[in-house]
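Here's the structure, in structure tokens; my notes come after.
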Amino acid sequence: MSSALGIPLPNSWSSAPLKHVTSFLNRGSAPTYVDEGTVRAVSQAANQPGGLDWTRTRFHEFSGDPRKLKGFLRPNDVLINSTGTGTLGRVGYFAYPPDGRPCMADSHVTIARAKSAELEARFLYYWLNSRPFQEYVYAALVVGATNQIELNRDRLGDAPVPLPPLEEQRRIADFLDAETTRIDHLSKLSKLLLERIDERDQSLRSSLVDQLATNEGEIPLRRLTARVEQGSSPQCESAPRQDPFEWGVLKLSSVKRGAFDASENKRLPDGTQPVRDHAVRAGDLLVTRANTPALVGDTAVVHDDCEKLLLPDLIYRVVLLPGVRPDYVMQVVLSGRTRSLIESVARGSSQSMVKLRGEDIKAWPIPIATPSQQDSLVQRISRETEISNKLRTKIWHQQTLLTERRQALITAAVTGQIDVSTASGRNVTEGIPS
């Protein structure tokens with residue numbers, strides 16, 4: 001009985017090193033990027049879990065026969081992200097170019113081109129996406145440290161691939177195409193529902209803020225603000241702090257859509273003195289200084305005590321005058337009227353990263369409200385969105401189950417744990433035996 005990565009395979013199956021069943025196994029080449037070109041370059045950013053995202057591709061300046069490019073892509077090529085924490089090991093499938101233009105992989109993406117007489121490319125795609133192989137990537141194929149990790153090409157070439165008879169490979173791939181499409185459709189519907197919930201909450205928030213502004217008038221935030229403080233970003237470790245007695249610097253992702261996440265931080269190295277004036281305190285109103293146009297100016301309030309966390313240079317602390325509730329200002333900033341203003345005034349040389357000045361923030365119009373009116377608006381939004389938050393939790397749980405089922409189904413099929421000629425995939429909820 002043959003095996004792959006210690007997993008026993010059916011008697012009619014064999015296995016072989018990846019390099020023996022591929023005609024090409026190599027990384028692409030570094031593009032010369034231009035705004036408009038004849039060749040489309042596929043990067044790690046374009047190779048997403050849901051498939052190739054063509055909006056994230058760019059163009060390579062090239063003249064001549066594109067088939068001579070080192071990273072030239074052919075139909076049915078399997079793409080493997082090969083560098084960087086968080087993206088390494090992600091697997092994609094190239095079927096055809098979206099607009100007829102030739103395509104290439106950049107130097108951070110490995111191309112695996114199956115020998116069609118021995119290996120069905122879609123079966124290879126699913127095997128590389130299976131739980132055993134993905135665990136094997138980080139256990140045995142990675143070299144380097146921290147964010148400089150990459151796939152070792154020689155080790156990748158030696159990695160085993162299960163080999164059912166070719167016709168069975170195709171049946172397995174057809175089965176997984178159908179079943180994963182069904183699961184992915186359910187996942188997309190869940191994401192669409194989350195978007196509708198967000199739109200409903202935003203509509204409620206904007207309506208209440210607009211009504212208050214119409215009834216009471218507005219004043220610029222500077223008249224409600226003592227000062228706007230900016231943190232600093234010393235060189236930090238990539239990992240978060242391990243306990244609350246260590247110092248950490250907040251990441252930009254700690255402030256997101258009205259929620260503060262203290263776990264999003266980077267540990268301050270031993271020997272680096274913290275700037276204690278930048279320490280975050282309960283009640284702080286935080287505003288992101290730089291991000292994409294849709295996310296810059298995002299805001300959250302720190303509700304819990306958080307010891308030894310520091311502001312980075314990409315997050316402002318807005319210190320309000322007595323009688324001004326931080327949660328009230330946060331809800332106003334999250335409303336549609338303020339978001340539109342933020343996106344119109346944010347500036348930068350690249351639309352992938354724009355910035356706000358402290359003066360921009362101080363100019364935000366805030367409805368005039370007494371402390372009781374402020375509390376009333378915050379409480380109304382909190383009550384109305386409580387149901388939304390419960391529904392979100394259920395949808396997130398459903399998405400987790402769908403992801404787990406998808407992974408378990410792929411793993412069971414490509415290792416011969418289920419007979420795809422009779423299975424529907426609907427009862428596969430566990431991975432292969434450990």
Side-chain angles (χ1 to χ4, degrees), residues 1-18 20-23 25 47-52 74-80 89-96 112-137 156 159-190 398-434:
M1 177 181 292
S2 60
S3 65
L5 301 181
I7 302 166
L9 301 175
N11 292 331
S12 60
W13 293 26
S14 62
S15 67
L18 181 60
H20 289 172
V21 288
T22 51
S23 60
L25 185 64
N47 192 16
Q48 289 293 310
L52 296 182
R74 302 179 187 276
N76 304 317
D77 279 347
V78 178
L79 309 180
I80 311 167
R90 188 184 299 157
V91 182
Y93 190 87
F94 176 77
Y96 50 83
R113 187 168 299 148
K115 293 180 179 178
S116 59
E118 303 174 49
L119 179 61
E120 165 64 42
R122 290 174 301 142
F123 180 86
L124 173 63
Y125 164 75
Y126 285 119
W127 165 246
L128 297 180
N129 270 297
S130 70
R131 182 179 291 115
F133 189 85
Q134 286 294 308
E135 292 174 350
Y136 183 68
V137 166
L156 178 63
V161 178
L163 290 178
L166 193 57
E167 282 304 314
E168 189 166 357
Q169 292 181 38
R170 292 174 182 143
R171 283 197 299 271
I172 291 171
D174 290 342
F175 168 81
L176 289 175
D177 283 348
E179 291 297 324
T180 58
T181 296
R182 183 179 64 84
I183 293 172
D184 292 345
H185 178 66
L186 292 174
S187 182
K188 287 179 181 178
L189 290 178
S190 295
Q398 180 190 50
Q399 288 181 324
T400 299
L401 293 178
L402 286 172
T403 299
E404 291 174 352
R405 173 166 293 188
R406 190 183 196 276
Q407 181 61 266
L409 185 62
I410 290 172
T411 298
V414 298
T415 56
Q417 304 299 312
I418 57 173
D419 181 358
V420 300
S421 62
T422 59
S424 69
R426 288 164 176 74
N427 296 321
V428 178
T429 57
E430 300 295 335
I432 62 173
S434 57

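Any value given below was found using the heavy atoms of this structure, including those in side chains, with hydrogens, waters and symmetry copies removed.
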Exercise for the section: Answer whether the closest heavy-atom distance between the side chains of V161 and L119 falls below 4.5 Å. Expected result: yes
Exercise for the section: Just jot down the ring pair (Phe, Tyr, Trp, His ring centres under 6.0 Å) partners of F123, sequence neighbours excluded, or say none. Expected result: none
Practice task
Kindly give the heavy-atom pair with the smallest separation between L124 and A112, and that separation in Å.
Solution key: CD2-CB, 4.1 Å
Fill in the blank from the handout: Residues A173 and Y126: closest non-hydrogen pair is O-CE1, 3.9 Å
Practice task
With the side chain counted from C-beta on, respond yes when W13 and P162 share a heavy-atom pair under 4.5 Å apart, and no when they do not.
Solution key: yes
Fill in the blank from the handout: With sequence neighbours left out, the residues meeting side chain to side chain donor-acceptor pair (under 3.5 Å) with S14 are none
Exercise for the section: Please identify each residue that fulfils side chain to side chain donor-acceptor pair (under 3.5 Å) with Q48, with sequence neighbours left out. Expected result: none
Exercise for the section: State which residues pass side chain to side chain contact (heavy atoms under 4.5 Å, CB included) with K188; sequence neighbours excluded, sorted by chain then number. Expected result: none
Practice task
Mind checking side chain to side chain contact (heavy atoms under 4.5 Å, CB included) for E135 and listing every partner two or more places apart, or none if nothing turns up?
Solution key: R131
Problem - By side chain to side chain contact (heavy atoms under 4.5 Å, CB included) - contacts of S187 (at least two apart) - result: K191, L402
Problem - Nearest heavy-atom neighbours spanning A117 and L166 - result: O-CD2, 3.8 Å
Completion exercise
Across all chains, not counting sequence neighbours, the ring pair (Phe, Tyr, Trp, His ring centres under 6.0 Å) partners of Y136 are none
Exercise for the section: With sequence neighbours excluded, give me every salt bridge (Lys or Arg N to Asp or Glu O under 4.0 Å) pair touching residues 119-128. Expected result: E120-R122, E120-R170, R122-D174, R122-D177
Exercise for the section: For R113, enumerate each residue passing the salt bridge (charged side-chain N to carboxylate O under 4.0 Å, His left out) test, keeping only those at least two apart in sequence or located in another chain. Expected result: D77
Problem - Shortest non-hydrogen contact between P160 and L5, atoms and distance - result: CG-CD2, 3.5 Å
Practice task
Return yes if a side-chain donor-acceptor contact under 3.5 Å exists between T411 and Q407, otherwise no.
Solution key: yes
Exercise for the section: For the residue pair T22 and K115, establish whether any side-chain heavy-atom pair is separated by less than 4.5 Å. Expected result: no
Handout entry: Closest contact, heavy atoms only, V78 versus Y93
Key = CG2-CD1, 4.2 Å
Practice task
Determine whether V414 and L176 make a side-chain contact, defined as any pair of heavy atoms from C-beta on separated by less than 4.5 Å.
Solution key: yes
Handout entry: Results of side chain to side chain contact (heavy atoms under 4.5 Å, CB included) for R171 - residues two or more places apart only
Key = E167, E168, V420
Exercise for the section: Would you please say whether a donor-acceptor pair under 3.5 Å links the side chains of N76 and Y125? Expected result: no
Exercise for the section: Scan side-chain atoms only and decide if Q398 and S190 contain a donor-acceptor pair under the 3.5 Å cut-off. Expected result: yes
Exercise for the section: With the side chain counted from C-beta on, respond yes when N47 and I80 share a heavy-atom pair under 4.5 Å apart, and no when they do not. Expected result: no
Completion exercise
Separation between CG (L189) and CD (Q399), nearest 0.5 Å, reads 10.5 Å
Practice task
With rounding to the nearest 0.5 Å, note down the distance linking CG in L128 to CG in L18.
Solution key: 6.5 Å
Handout entry: Closest heavy-atom pair and its distance - P165, S12
Key = CD-O, 3.7 Å
Problem - Contacts of N129 that satisfy side chain to side chain donor-acceptor pair (under 3.5 Å) - sequence neighbours left out - result: none
Handout entry: Flag side-chain contact, heavy atom, 4.5 Å: I172 against P164
Key = yes
Practice task
Measure the spacing between CG of L9 and CG of L163 and express it to the nearest 0.5 Å.
Solution key: 9.0 Å
Practice task
State, with a plain yes or no, whether a side-chain heavy atom of F175 is found less than 4.5 Å away from one of S421.
Solution key: no
